[in-house]
Amino acid sequence: MTLPIADGPVPKHEQLRSLLESRIAEEFSPGDPLPGERALEEEYGVSRITVRRAIGDLVAAGRLRRVRGKGTFVAPAPLVSRLHLASFSDEMRAQRVEASSRILLCERTTPPEEVAQFFGTAPTATHIRLRRLRLGDGEPYAVDDAWYNATLVPDLLENDVYHSVYTLLEKHYGLGVTEAEQTVTAVTAGPDNAPLLDVNPDTALLHIVRFARSGTHNVEFCSSVYRTDRYRLTTRVAREVE
C-alpha cells in the first residue's frame, strides 16, 4: 500500500524522498532500476517537479545514480575501510560485494624516482607497473596505479592479476604484505580518471598512496583514487588516560 503524500509542514519532495529511501533499503538491490518519473507521479500523486527534486536529492546523497539514456538506478553501497591492512578484494568480500578488475595498463618500465628509492634500486632499473580499474558488483569504485618490485616478483604479470595481487604475492611468492604506510589526501578526478569512474572531471576523489612491505622487503608502491560516494575510511581513536 502506497502511503499518501499531502500538504503539510514537511515539503512534498522531502516526503517522497523519505518514502523512496525506505523502498530502496527494503525492496531494491544495487543496480536495480527505479520506476520511471511518470510511474512515480501516478503512484504518489505528485508533480513531475516533486519527483525530480526527490530523485535529485537521493542522487546527491549517493543512494541513486543516473545513467544517461537508460534511467535511474540504485547505487552500490559505499565500501567502508577501517584502515586495516587488507586488499581491495578482501574488503569487498567482507561486505558481500563482488570484486573484479579491468586492466588499464601492464608493463615493465622505469618507474618514477620515488618508486625506485622505495624499492632501493638504481634509477634506471625497470619494475612492474599495473594500472587497474577496480569494480564492485560491476560498478567503478577506484583506479589503482601500482608498482611492484621486479627484483622480487619478476614474472608477476604472467599470473592472474585481475583479482587480488596480495593473495598472489603471498601464495605464489611467499611475500605476503605484513605492513604498510598510507597517506590520504583529496584530489579531483581530472580528464584521465573521470571517464573511468563515471564522474565529472572536477569531482573530488579520495587519494591513497600506500608503501607496502613483506617483512624487510619493499614490495609495492600503489597510488589509488576512490569515488567518495562508494568508499569511506573509518577509524577508531581513543584518548590516553594518564
Distance-only donor-acceptor check, side chains Asp144 and Ser224, under 3.5 Å: yes
Any side-chain heavy-atom pair of Val177 and Glu170 under 4.5 Å: no
Under-4.0 Å salt bridge between Arg210 and Glu181: no
Side-chain heavy-atom pair Asn159, Leu168 within 4.5 angstrom cut-off: yes
Ring centre gap for Tyr141 and Tyr231 strictly below 6.0 Å: no
Approximate separation, where rounding is to 0.5 Å, of Leu206 CG and Arg227 CZ: 13.0 Å
His13 NE2 to Ile49 CD1 distance, which is reported to the nearest 0.5 Å: 12.0 Å
Contact check, side chains of Leu133 and Leu135, non-hydrogen atoms, under 4.5 Å: yes
Phe119 ring center within less than 6.0 Å of His127 ring center: yes
Euclidean distance, His217 NE2 relative to Leu169 CG, rounded to 0.5 Å: 12.0 Å
Whether over 12 other heavy atoms sit under 6.0 Å from Glu27 CD: yes
Sidechain-backbone polar pair: Asn200 side chain, Asp202 backbone, donor-acceptor under 3.5 Å: no
Hydrophobic cluster identity match, Tyr162 and Ile128, side-chain contacts under 4.5 Å: yes
Hydrophobic cluster identity match, Leu152 and Phe118, side-chain contacts under 4.5 Å: no
Sub-6.0 Å ring centroid separation between Phe221 and Phe211: yes
Side-chain (Thr203) to main-chain (Ala189) donor-acceptor, under 3.5 angstrom: no
Arg48, CZ: over 12 other non-hydrogen atoms inside 6.0 angstrom: yes
Check: Phe73 and Leu64 side chains under 4.5 Å, non-hydrogen atoms: no
Asp198 side chain vs Ala194 backbone, donor-acceptor pair below 3.5 Å: no
Spatial distance of atom OH (Tyr44) from atom CD (Gln15) [nearest 0.5 Å]: 11.5 Å
Basic-acidic side-chain contact under 4.0 Å: Arg131, Glu107: no
Student check: side-chain heavy atoms of Cys106 and Ile103 closer than 4.5 Å: yes
Test item: Thr183 and His207 side chains (from C-beta on) under 4.5 Å apart, heavy atoms: no
Whether Asp32 side chain and Ser29 backbone form a donor-acceptor pair below 3.5 Å: yes
Derivation and outcome, salt bridge (Lys or Arg N to Asp or Glu O under 4.0 Å), residues Glu43 and Arg23: CA-CA 13 Å; Glu43 182 176 356; Arg23 288 185 63 180; 3.1 Å; yes
Gln117 backbone acceptor or donor facing Thr121 side chain under 3.5 Å: no
Inter-residue atom distance Glu114.CD - Trp147.CH2, 0.5 Å rounding: 12.0 Å
Sub-4.5 Å side-chain heavy-atom contact between Arg66 and Ile55: yes
Side-chain donor or acceptor of Asn218 paired with backbone N/O of Arg213 under 3.5 Å: no
Cluster check Val209, Val225: I/L/V/M/F/W/Y, side chain < 4.5 angstrom: no
Backbone N/O of Gly176 and side chain of Ser214: donor-acceptor pair under 3.5 Å: yes
Min side-chain heavy-atom separation Arg17-Leu58 under 4.5 Å: yes
Check: His163/Ser101 side-chain N/O donor and acceptor closer than 3.5 Å: no
Spacing of CZ belonging to Arg53 relative to NZ belonging to Lys12, to within rounding of 0.5 Å: 13.5 Å
Side-chain donor-acceptor contact under 3.5 Å, Tyr166 with Glu220: yes
Basic-acidic side-chain contact under 4.0 Å: Arg129, Asp145: yes
